[in-house]
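Below, each value reflects all heavy atoms present in this structure, side chains not excepted, and no hydrogens, waters or symmetry copies. In this text the structure is predicted, and so the values were computed from the model without any measurement.
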Number of protein chains: 2
Amino acid sequence: MAMTIRDIAREAGVSTATVSRALRGLPNVDPVTREKVRQVAERLDYVVSPAASRLASGRAGSIAVITPYIARWYFARVLSGIEGVLQASDLDLLLSSIGDPGETGHVPPHRKLRRRVDGFLVISLPTETEGVSEIFDLDQPVVLIDTDHDGCSSIGIDDVAGARMAVQHLINLGHERIALISGRPRPTPFRPEDNRFIGYRDTMVEAGLRIDPDLEACGHFTIEGGERAMTSLLARANPPTAVFAMSDEMAFGALRSLRAHGLEPGRDVSVVGFDGHEMSEHLDLTTVVQPVEEIGARAARLLLARLDDPQAPPKHDVLPLDMVVRGSTALRRR
Amino acid sequence: MAMTIRDIAREAGVSTATVSRALRGLPNVDPVTREKVRQVAERLDYVVSPAASRLASGRAGSIAVITPYIARWYFARVLSGIEGVLQASDLDLLLSSIGDPGETGHVPPHRKLRRRVDGFLVISLPTETEGVSEIFDLDQPVVLIDTDHDGCSSIGIDDVAGARMAVQHLINLGHERIALISGRPRPTPFRPEDNRFIGYRDTMVEAGLRIDPDLEACGHFTIEGGERAMTSLLARANPPTAVFAMSDEMAFGALRSLRAHGLEPGRDVSVVGFDGHEMSEHLDLTTVVQPVEEIGARAARLLLARLDDPQAPPKHDVLPLDMVVRGSTALRRR
DNA sequence: TTGTACGCGTTATCAC
DNA sequence: GTGATAACGCGTACAA
């Protein structure tokens, strides 16, 4: 039933070696021979056996994408960007989600993936995550998204600068009590959270504003979390007039909380998000826009490049950010 | 460097055959021997070579998920559900997106995936889609989500019933001019769209209401599309007092359009969505809730079952729907 | 430019 | 319960 390389060789009147060379586009094959082999292969509907090919060549023919989540907005989009690039390559995309480090059901991917991929693409996960840290010892190419590590290519955005844009925007509007809706309690192993905090802190300090610990709340990067965070911020003795949320989804929750308290975003409390989520336009949310799919695409290309030439030095790409100002931010009312 | 089964055999003082049996948990192995082999393998950090194993066994050790989109809400969640189940199995998850049929860049997956997977999981794509239809000839197990096909297991929801719930709800509120925001122009090869239309139409007809072709607009399952659709519906000579959108994202767009026209959802025009998107709660949207992750999980289990026993008859699961009533729907004002 | 022949690391079929 | 050993299908030195 299934054709083998021998069937093609016999039918084309050449050796299996020639078939292999011809089909893979290797040099030193007579154009006529190559064409003939191609046609026979086509006619007999031949496809190489990946298992055999991989065993013989030593290449796994696939790369693994390791991500904490699949369904969350940011991760789904990055994944989409990756897939778009890999689609055109001849590598399989193995998907492996891992969940938050420390969570139950957290599966260390390095055991499942050992010997089965040619390289790794890791989204957002801290390098010291259990199951991720072991990957570096495999000495296979690894590309990191949103963080970096010795010897690995990496890609991301300038989170410090992004947070600065957001906070400076609020400062320019006259706000002084600017709250922060962060993700997890610090210290967190997630690089973007740390950096966005640094951007927030430094911009505040440089503007001569006080960092009030009372003006920070964790939103855990979910809508509900953002809502709870905003609600608790509003309950402070001296509530903020503006909020910088580390993600759009948390900002959405914040907007909702404001409305639930009879406050109007922009007019009563200014809110800036971070991501460029499609819904931000529809919720009239000012936000720092990052090129999410492009991050995934570039990451995939970095990995392909390293697969191509493992000796090449690691590259570190930083993608530009943008800010879209909408109705959720406005001049502070006096 | 990399350990082979022979290294383990030598070290454990047994044959490679015994190592293979012991490690795979096959019967007819002395418990003592098995334990010894296990320990040696553990100590030497041995992992089987998937390529060799696959070549020898004839099993590919992986399944392919074929989806039109990765980043869209519904698909990302289904994918997440699938991955959750496959994580625990020993199968790799190969991800392949395909885009809308007919679009440019549309890559037929059957060529890339031939001989490389043990089964397919197809999300939403019509069975006649180029690149999908060929899969059925591979006689490998296929599980279809949101559609079905001879000999394949399938899973989905009762879209007709879902649409009925939505429309009946609007009728109960006294609405008569109920518009429909559909996906693509009919006839569409996507089953859910057809069925949701049928549910809409039948419910209208049974209530003695007229189906006005002027009260249908396509929203292409995007927020922007939904917004445009609503806008065009509002421009009709005799605009609707209520709208059923085939997806939450289109409903979000519709809400936005209403607000842009100074209309308040619920009070002026009632809107029902379909999906149970998290944002629907925050936008106060009444919606038909489907168990999206569960759909993916069940689909994966159906495939695992078929892989386990290819002779078993195909199963067809239908998951229950729910409706959450919120502020976007209200009694028709007279 | 082409062909021969060996090796890749397992699994599976036998015997024992 | 265990051990030889023949596939599995392809890549690739090496020879021609």
task = Give a yes/no on whether any side-chain N or O of A/R59 is located under 4.0 angstrom from OP1 or OP2 of D/dT12.
result = yes

query = Tell me: CZ of A/R54 to P of D/dT12, nearest whole Å?
reply = 15 Å

task = Could you tell me from which nucleotide to which nucleotide of DNA chain C, 5' to 3', there is an atom under 4.0 Å from chain A heavy atoms?
result = C/dT1 to C/dT10

message = Under the salt bridge (Lys or Arg N to Asp or Glu O under 4.0 Å) definition, can you give me all pairs with a residue in residues 12-37 of chain B, not counting sequence neighbours?
response = none

note = Contacts satisfying salt bridge (Lys or Arg N to Asp or Glu O under 4.0 Å) that involve residues 41-66 of chain B (not counting sequence neighbours) are A/R114-B/D45, B/E11-B/R43, B/R54-B/D92

task = Please list, chain by chain and in numerical order, all residues satisfying ring-ring contact (aromatic ring centres under 6.0 Å, His included) with B/F75, sequence neighbours excluded.
result = B/Y69

message = Under the rule for side chain to side chain donor-acceptor pair (under 3.5 Å), what residues qualify as partners of B/R38, not counting sequence neighbours?
response = none

ask   = Rounded to whole angstrom units, what separation is found between the CG atom of A/L23 and the C1' atom of D/dG11?
value = 13 Å

key: All ring-ring contact (aromatic ring centres under 6.0 Å, His included) counterparts of A/F136, not counting sequence neighbours   = A/H149

message = Which residues pass the salt bridge (Lys or Arg N to Asp or Glu O under 4.0 Å) test with A/D158, not counting sequence neighbours?
response = none

key: CG-OG1 distance between B/D7 and B/T16, expressed to the nearest 0.5 angstrom   = 11.5 Å

message = Please report the end-to-end axis angle for the helix from C/dT1-D/dA16 to C/dC16-D/dG1, five pairs per end, rounded to 10 degrees.
response = 30°

message = My understanding is that only residues two or more places apart in sequence, or in another chain, count here; which of them pass ring-ring contact (aromatic ring centres under 6.0 Å, His included) with B/F221?
response = none

task = Encode nucleotides 1-9 of chain D as B, S and - characters from 5' to 3', where the letter depends on protein heavy atoms closer than 4.0 Å: B to the base, S only to sugar-phosphate, - to neither.
result = SBBBB--BB

remark   = Sorted by chain and residue number, the salt bridge (Lys or Arg N to Asp or Glu O under 4.0 Å) partners of B/D118 (sequence neighbours excluded) come out as none

inquiry  = Among residues at least two apart in sequence or on other chains, which ones pass salt bridge (Lys or Arg N to Asp or Glu O under 4.0 Å) with A/D194?
reply    = none

